[in-house]
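One structure is given below, encoded as structure tokens.
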Amino acid sequence: QVQLVESGGGLVQGGGSLRLSCAASGRTLSNYAVGWFRQPPGKEREFVAAISRSGGSTYYADSVKGRFTISRDNAKNTMYLQMNSLKPEDTAVYYCAAREGISGSTSQIAYDYWGQGTQVSVSS
């Protein structure tokens, strides 16, 4: 199985940028499709973005489309979430996840492995 560790979270002003990383260990990340989810304070966890095993297909929530970019570097066993034009409503704990499939998925139940999460806070 694969272990996932997120990094790169922090406090940023509205309009700013952050890049989250998710490093995999145990098995190579190229065996998995991967995604990012987030849980805002007091709310349910929600889908943010996903990418296929090859990196050829990406999927985004409407709320982040055009601002966030998901990518992966299989050689480095790492995936990324570049977040630009951040808004206070992007404040959440962000989780990376991996699934044993070819395509990414917008559904949490499709994912087999999860990281511990990293806090992103955006001030107004």
Side-chain angles (χ1 to χ4, degrees):
Q1 61 184 42
V2 65
Q3 291 81 43
L4 304 171
V5 178
E6 302 96 338
S7 61
L11 175 63
V12 64
Q13 245 184 341
S17 298
L18 280 175
R19 188 176 82 155
L20 304 183
S21 299
C22 176
S25 62
R27 289 190 69 191
T28 57
L29 198 61
S30 59
N31 291 313
Y32 304 91
V34 293
W36 288 95
F37 291 78
R38 67 185 182 187
Q39 186 166 18
K43 296 184 178 180
E44 298 291 315
R45 190 158 59 184
E46 62 186 23
F47 169 74
V48 176
I51 188 167
S52 62
R53 199 163 66 183
S54 68
S57 297
T58 56
Y59 317 83
Y60 295 95
D62 288 343
S63 58
V64 307
K65 207 170 289 184
R67 300 188 298 123
F68 289 13
T69 303
I70 189 171
S71 62
R72 62 190 300 161
D73 186 338
N74 286 340
K76 294 184 177 180
N77 237 21
T78 303
M79 58 182 281
Y80 305 96
L81 185 68
Q82 177 67 44
M83 305 186 294
N84 299 329
S85 302
L86 282 161
K87 306 174 181 179
E89 51 264 44
D90 294 318
T91 294
V93 177
Y94 283 72
Y95 299 89
C96 62
R99 64 185 298 267
E100 296 189 10
I102 295 174
S103 300
S105 174
T106 63
S107 173
Q108 296 183 55
I109 62 173
Y111 290 84
D112 304 294
Y113 307 101
W114 292 83
Q116 292 300 306
T118 185
Q119 176 71 46
V120 171
S121 299
V122 184
S123 63
S124 56

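All values below were derived from every heavy atom in this structure, side-chain atoms included, with hydrogens, water molecules and symmetry-related copies excluded.
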From Gln3 CD over to Gln116 CD, what is the distance, rounded to the nearest 0.5 angstrom?
11.0 Å
Once you round to the nearest 0.5 Å, how far does OG1 of Thr58 lie from CZ of Arg72?
12.0 Å
Give a yes or no on whether Tyr80 and Tyr95 share a hydrophobic cluster (residues Ile, Leu, Val, Met, Phe, Trp, Tyr; joining criterion: side-chain heavy atoms under 4.5 Å apart).
no
Once you round to the nearest 0.5 Å, how far does CG of Leu81 lie from OG1 of Thr118?
11.0 Å
Could you tell me if the side chain of Ser17 sits less than 4.5 Å from the side chain of Gln82, heavy atoms only?
yes
Is the shortest heavy-atom distance from the side chain of Gln119 to the side chain of Thr91 under 4.5 Å?
yes
Taking salt bridge (Lys or Arg N to Asp or Glu O under 4.0 Å) as the cut-off, I'd like each qualifying pair that reaches into residues 1-28, sequence neighbours left out, listed once.
none
Rounded distance [0.5 Å steps], CD in Glu100 versus CG in Asn31
8.0 Å
Using a 6.0 Å cut-off, check whether atom NZ of Lys43 has over 12 heavy atoms from anything other than its own residue.
no
With a 3.5 Å distance limit and no angle check, can you tell me whether Arg38 reaches the backbone of Val120 through a side-chain donor-acceptor pair?
no
Using the salt bridge (Lys or Arg N to Asp or Glu O under 4.0 Å) rule, collect all pairs that involve residues 101-116, keeping only residues at least two apart or in two chains.
none
Is the side chain of Asn77 donor-acceptor paired with the backbone N or O of Leu29 at a distance under 3.5 Å, no angle test?
yes
With rounding to the nearest 0.5 Å, note down the distance linking CG in Leu20 to OG1 in Thr78.
13.0 Å
I'd like to know if Ile51 and Phe47 are part of one continuous hydrophobic network [Ile/Leu/Val/Met/Phe/Trp/Tyr, side-chain heavy atoms within less than 4.5 Å].
no
Under 4.0 Å between a Lys/Arg side-chain N and an Asp/Glu carboxylate O for Asp90 and Lys87?
no
For the residue pair Ala110 and Ser105, what are the closest heavy atoms and their distance?
CB-OG, 3.4 Å
Around atom CG of Leu11, are there more than 12 heavy atoms from other residues, nucleotides or ligands closer than 6.0 Å?
yes
Given 3.5 Å as the limit, does a donor-acceptor pair link the side chain of Arg45 with the main chain of Val93, or not?
no
Would you call the rings of Phe37 and Tyr111 parallel, tilted or perpendicular, where under 30° means parallel and over 60° means perpendicular?
perpendicular
Linking I/L/V/M/F/W/Y whenever any side-chain heavy atoms sit under 4.5 Å apart, do Tyr59 and Trp36 land together?
no
Under a 4.5 Å cut-off applied to non-hydrogen side-chain atoms, are Tyr32 and Arg99 in contact?
no
Of all heavy-atom pairs linking Ala33 and Ser103, the shortest is CB-O, 3.3 Å
What is the minimum heavy-atom distance between Leu4 and Ala24, and which atoms define it?
CD2-CB, 3.9 Å
